[in-house]
Amino acid sequence: MERDSATPPAQAARKLLARLDLSRAEIDARLALALDPGYWKSLYPAFSVGDESSAPPHADALTASQYERLADNLASRGYFHADSVLESLTIDAMRGCIETIRSAGWPPVFAYVYDQFWTIWRLAPIKQMVKAGLGGGYRLISHPWCHYVSPVVGASGWPPHVDGNLPNRISIWIPLTDATLDNGCIYVVPGDQNFARIGELRELKSATNLQLRELMQRGRALPASAGAIMGWYFRILHWGSVASGAGHPRISTVMEFIKAEEAALPSELPLFDPDRELPPLLQRLFAIGRSIDYYKRFELRMRRYAGLGRTLMRAGDAANRKSATTAT
Ligand SMILES: O=C(O)CCC(=O)C(=O)O
């Protein structure tokens, strides 16, 4: 038998956490529900599952001067922030969906079973900005996520990180409630000026006092109203800040994109073409499962759902293989 080399407190903590994991019976019951489009439709009737004919949301394209400014910010600083871009009707419905999913005991990312969480990325201003960053023909990466920061003291978004030390990728983040200085808005370290030094810093296992102070001083808070769009290249350092406890939850959704000519990592597959049909339910569940597994390093509470995530990936794998065969 293999010896457990963890310290006794670490072993005790692991045992305690393991008790929170969904049981096999709970995973099976949830899998059966997750595979049933009828269940999702009755849970949130305002949204559809696999209905290509349902009306896509609307958003005006960015004006030429808006676009020029934002594209310039993205090119020079590595990120952009556009307020008041998406209609409140669209945003309210998405927020309502996440609240409903959560109340039914699912992690918020299950909102990605619904068509509307996929069609949002096809809206004109988002397409304009992803194209500005990556050129035409880009694809969606299988890493959807929904962030939910409760309005309690000490709750926080994700700690400082880069989305990957990889070129030709961009993340687009949409706040579904106002993201404020009090409820955990995003901070970035712009990639301008001494970007090379900041880039190196990201790789360091520890930082000097000077590096740490420089990094803190460069951090820029990005409060944003619901319906804004924000985006950053993968190598831009960013984080969700710590909430002070007052006000409303900070809810947001995010999607990652990759340039047409860039080779994806296996962990980014399958990629989705934003100009083709929406992914089938099984592939959505695969992407949800993958993200749960991937992002539990940022959100410890996702450990509880890790077994479900892996089960969804196994269920979705056949759909991935089928779509890879049809695409060739
Ligand atoms: O919303 C957050 O707290 C962090 C968002 C983020 O860093 C991301 O999605 O990459």
Side-chain angles (χ1 to χ4, degrees), residues 74 77-83 91 94-95 98 102 107-112 117 120-121 126 129-130 133-134 140-191 198 202 215 218-245 247-258 265 267-268 287-288 290-302:
L74 181 59
R77 301 177 186 170
Y79 78 94
F80 73 90
H81 170 195
D83 245 343
I91 293 305
M94 292 177 78
R95 187 181 57 244
I98 289 181
R102 245 183 123 244
V109 66
F110 277 87
Y112 276 87
F117 272 77
I120 187 89
W121 307 108
I126 297 180
M129 289 313 301
V130 181
L134 301 178
L140 280 70
I141 296 174
S142 279
H143 291 166
W145 199 246
C146 295
H147 295 277
Y148 195 105
V149 181
S150 297
V152 295
V153 180
S156 68
W158 288 358
H161 65 283
V162 295
D163 288 339
N165 187 11
L166 297 163
N168 297 323
R169 290 158 174 86
I170 201 169
S171 299
I172 302 288
W173 190 93
I174 303 175
L176 302 176
T177 57
D178 292 345
T180 68
L181 293 172
D182 288 328
N183 71 5
C185 72
I186 293 287
Y187 279 63
V188 293
V189 177
I198 298 291
R202 195 190 49 226
L215 196 63
R218 283 173 187 279
R220 181 180 285 223
L222 296 181
S225 51
I229 53 173
M230 285 163 45
W232 48 79
Y233 285 118
F234 266 32
R235 286 175 163 153
I236 291 292
L237 187 60
H238 62 282
W239 60 93
S241 51
V242 177
S244 67
H248 55 267
R250 197 214 70 189
I251 308 176
S252 58
T253 188
V254 66
M255 181 60 78
E256 296 179 349
F257 299 83
I258 185 168
L265 301 177
S267 61
E268 295 175 318
I288 290 169
R290 147 83 56 64
S291 292
I292 289 174
D293 196 47
Y294 204 58
Y295 293 137
K296 64 181 189 295
R297 66 197 160 122
F298 289 130
E299 291 188 32
L300 272 188
R301 60 184 174 229
M302 283 305 128

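Note that the structure is predicted; figures quoted are calculated from it, not measured. Numbering of ligands and ligand atoms starts at 1, following listing order.
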Flag the pair Met94 / Phe117 as yes when at least one side-chain heavy-atom distance between them is below 4.5 Å, and no otherwise.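 SC-SC contact between Met94 and Phe117 confirmed.
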
Got Leu74 and Ile170 here, is their nearest side-chain heavy-atom distance under 4.5 Å?
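Yes. Closest side-chain heavy atoms under 4.5 Å.
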
What are the atoms of ligand 1, with element, lying closer than 4.0 Å to any heavy atom of [X]?
X	result
Ile186	1 (O), 2 (C), 4 (C), 5 (C)
Arg250	1 (O), 2 (C), 3 (O)
Asp163	10 (O)
Gly157	3 (O)
Gly240	3 (O)
His238	6 (C), 7 (O), 8 (C), 10 (O)

Minimum heavy-atom separation for [X] to [Y], with atom names?
X	Y	value
Ser291	Ser142	OG-O, 4.0 Å
Tyr148	Ile98	CD1-CG2, 4.1 Å
Tyr187	Leu181	OH-CD2, 4.1 Å
His81	Ala224	NE2-CB, 3.6 Å

Nearest protein heavy-atom contact for atom 9 (O) of ligand 1: which residue, which atom, what distance?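 Closest protein heavy atom to atom 9 (O) of ligand 1: His147 NE2, 3.1 Å.
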
> Nearest protein heavy-atom contact for atom 3 (O) of ligand 1: which residue, which atom, what distance?
Replying inline: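 Looking only at protein heavy atoms, the one closest to atom 3 (O) of ligand 1 is Trp158 N, 2.9 Å.
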
- Item | Quiz item: cation-pi between Arg77 and Phe80, 6.0 Å / 45° |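 Judged by the rule (NZ or CZ under 6.0 Å from the ring centre, within 45° of its axis), Arg77 is not positioned above Phe80.
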
message = So, 4.0 Å and heavy atoms of Val149: is ligand 1 close enough to count as a contact?
response =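 No, that is not the case, since the closest heavy atom of the residue is not under 4.0 Å from the ligand.
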
Using a 3.5 Å cut-off on N or O atoms only, is Trp173 in polar contact with ligand 1?
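Between Trp173 and ligand 1 (N or O atoms, distance only) the closest approach is under 3.5 Å.
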
